[in-house]
Number of protein chains: 2
Amino acid sequence: MAQISFARGIPAPECLAVDDLAECARAALLRDGRTILSYGPSPGYGPLRDRLAARHGVDPARIFLTNGSLQGFVVVAQRLAPGKRVLVEQPTYDRPLKILRELGADVVPLQTDDEGLDPDALEAALSHGEPPGFLYVIPTFQNPSGRTLSAERRNRIVELAREHELLVLEDDPYGLVRYEGEPLPSLHELSGGTIAYSSSFSKTISPGLRVGWFVLPDDLASEIAATATATYITPVLLGQATVHEFIERGLFEPNLERVVGLLRTRRDAMLAGLDEHLPNARTSRPEGGYFLWLELDGVDVAELLPRAEQSGVTFVPGTDFGAGSNTLRLAFSFVSPDEIADGVSRLASALPATV
Amino acid sequence: MAQISFARGIPAPECLAVDDLAECARAALLRDGRTILSYGPSPGYGPLRDRLAARHGVDPARIFLTNGSLQGFVVVAQRLAPGKRVLVEQPTYDRPLKILRELGADVVPLQTDDEGLDPDALEAALSHGEPPGFLYVIPTFQNPSGRTLSAERRNRIVELAREHELLVLEDDPYGLVRYEGEPLPSLHELSGGTIAYSSSFSKTISPGLRVGWFVLPDDLASEIAATATATYITPVLLGQATVHEFIERGLFEPNLERVVGLLRTRRDAMLAGLDEHLPNARTSRPEGGYFLWLELDGVDVAELLPRAEQSGVTFVPGTDFGAGSNTLRLAFSFVSPDEIADGVSRLASALPATV
């Protein structure tokens, strides 16, 4: 029996527009090869920076392209985290957690619920002690919980950041992968552009191209550019130029619509499976993104995982994201709707009869 | 008057095989797009790893691909340098120097001469104190000096490394860019594969593709892979797959021959200019690579640089590479042979009459 993976937070292979991207890579090189194939500026490929600057309504000097947004997070965290308190959501994306700990940050997890980060918890953390290095937050279709920060809380968090001169890094890789409902303004937008923002084309075009971007305050942008020059000279321009060509040709929007359609089916399959097989489990019902969060009263997920794997399904325990031992993350982005139905049934069969 | 740059250690634009690489990027994506466009393994694109493993006669598990070899150096140095003595040539490539210092290494420069690193200096450094974290050495067409470590010294350094269980990292980006003479075996080869080795396709195909590779001892390779996964997930596969396709199509060797021809003309132009305008300066006469080293008795290069720039030519002072104040690096890789002739004449005109 092949293992069904609810662990892999990656797009299903059919999401990747292989033929179009092959043409775009070729066209980008034929048009601008001598720039793309030589050492470039450390903040990345100029035409894509300009395009993103226009989208965000900021000066291109504030746009910083990286080989995936995680690499940018590392560079930012190296500047801001060592020896500092860094505020994060509980739960949050596991890799930043690990990076922050390795950099010697004092990681402070803040409480969240179905509406995302609790502003009272943020206010409490800001009310005493040294000012934190920064707050790292994923407001929309959060990894791992799939939850979205409510409009009211967004306003309050922006206000708190302003009052306390808190640097906030808003990570928004999933925002455009929306299956239903109306988009909310980003913290970055609500703050008039002062809150730092990161995103990537991993979920809207391709993760393998490794094109992430940051919108940073001016001074931080130039510091980060200097670090980039010193450590990897320039991010890989070919992926960035391919993305630029893809957008230029008008392929971005129709591709996103196609991807969203493919993934919506998967989310629906997972919600249907949970309703059928685990009607009593508390789950998030995300309007977008890759993930769904499960809380199982009285279940030790560390014990559940090996049993689930024996039943042919795998997932990531919530403890990896700094959450309780009765929680787990289910990714619905990678496997097919049929596999999702099977996988949820296998998961249910691995649970104690009481759940 | 446009500035002539002997500072930029980058290939002349006509070295870049733009059209061929455009076709290779397209073909690679059409053949293997679903792999290239998704998250990949942190040590890089499998087919290229296999090819490099075969070239080096090692297990593919020891091959680690990075976004340019400097990024790999950072990851290796993060593991091995903090709080340790790290031995380097004097002079050496400026970016590793800076990275090592920022990581809190105690950087120990070892004497070099026309035959490269002096093994006696290495032996002396090994004879006392804590064992060093590693030795970083560029044996062939060194950056910045253009010098090549002699055969006899290579053997002796390999022997010293074995005796003292010294980890050596041999950086060899320029070895294949040879204009004349017979190649010498690498330290890696002489050591039976135990000495760590790094190189890249920046000088043989394109720097912008950012494809570097490392051949590491087994245990270090798996540690490094874990760090890569934690910080950037996977290097950019598209550049690696494009390089793989370029080699697969038999384009590597003829392209290298063409590039070597273009750069040989530039080296010859620079040597001819120096013979004509600066017959008394001590210069290296490199058989390959990008750089040439100049020692100017009684000249303060920090004072010379602004005068040279006023005359319309620029270069990098030797002090940037940890060398004396009367030294400088001239890169002949970027500008045209005619510009090289002009540039050397301008440089001579900026010098005091006594030189």
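Values reported hereafter were calculated over all heavy atoms of this structure, with side chains retained and with hydrogens, waters and symmetry mates removed. Below, chains carry the letters A, B, ... as their sequence lines are ordered, and counting in each starts from 1.
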How many angstroms lie between atom CD of A/Gln71 and atom CD of B/Gln71, to the nearest 0.5 angstrom? 5.5 Å
CZ on B/Arg26 to CG on A/Leu30, rounded to 0.5 Å: 10.0 Å
Against chain B, label A/Glu14 side chain, backbone, both or neither, depending on which of its atoms sit under 4.5 Å from a heavy atom there. both
On a heavy-atom basis, the closest approach of A/Thr229 and B/Leu70 is O-CD2, 4.5 Å
Heavy-atom distance under 4.5 Å to chain B: side chain of A/Leu37, backbone, both or neither? both
Measure the shortest side-chain to side-chain distance between B/Arg95 and A/Ile233 over non-hydrogen atoms and say whether it is less than 4.5 angstrom. yes
Atom OG1 of A/Thr66 and atom CG of B/Asn67: how far apart are they, to the nearest 0.5 Å? 10.5 Å
What closest approach, in Å, do B/Arg34 and A/Leu16 show between heavy atoms, and which atom pair accounts for it? O-CD1, 3.9 Å
Flag side-chain contact, heavy atom, 4.5 Å: A/Leu209 against B/Val236: no
Tell me the closest heavy-atom pair linking B/Pro207 and A/Ser38, and the distance in Å. CG-CA, 3.9 Å
Pick from B/Leu21, B/Thr231, B/Ile99, B/Val74: which one has the most heavy-atom pairs with chain A under 4.5 Å? B/Thr231
Comparing A/Gly33, A/Ala77, A/Ser206 against chain B, the one with the most heavy-atom pairs below 4.5 Å turns out to be A/Ser206
Whatever's closer than 4.5 Å to a heavy atom in chain A on B/Thr242 counts as side chain
Shortest non-hydrogen separation from A/Tyr39 to B/Gly9 and the atoms involved: CE1-O, 4.1 Å
If one checks every heavy atom of A/Gln240 against chain B at 4.5 Å, the contacting part turns out to be neither
Closest heavy-atom contact between A/Val18 and B/Leu29? CG1-O, 3.3 Å
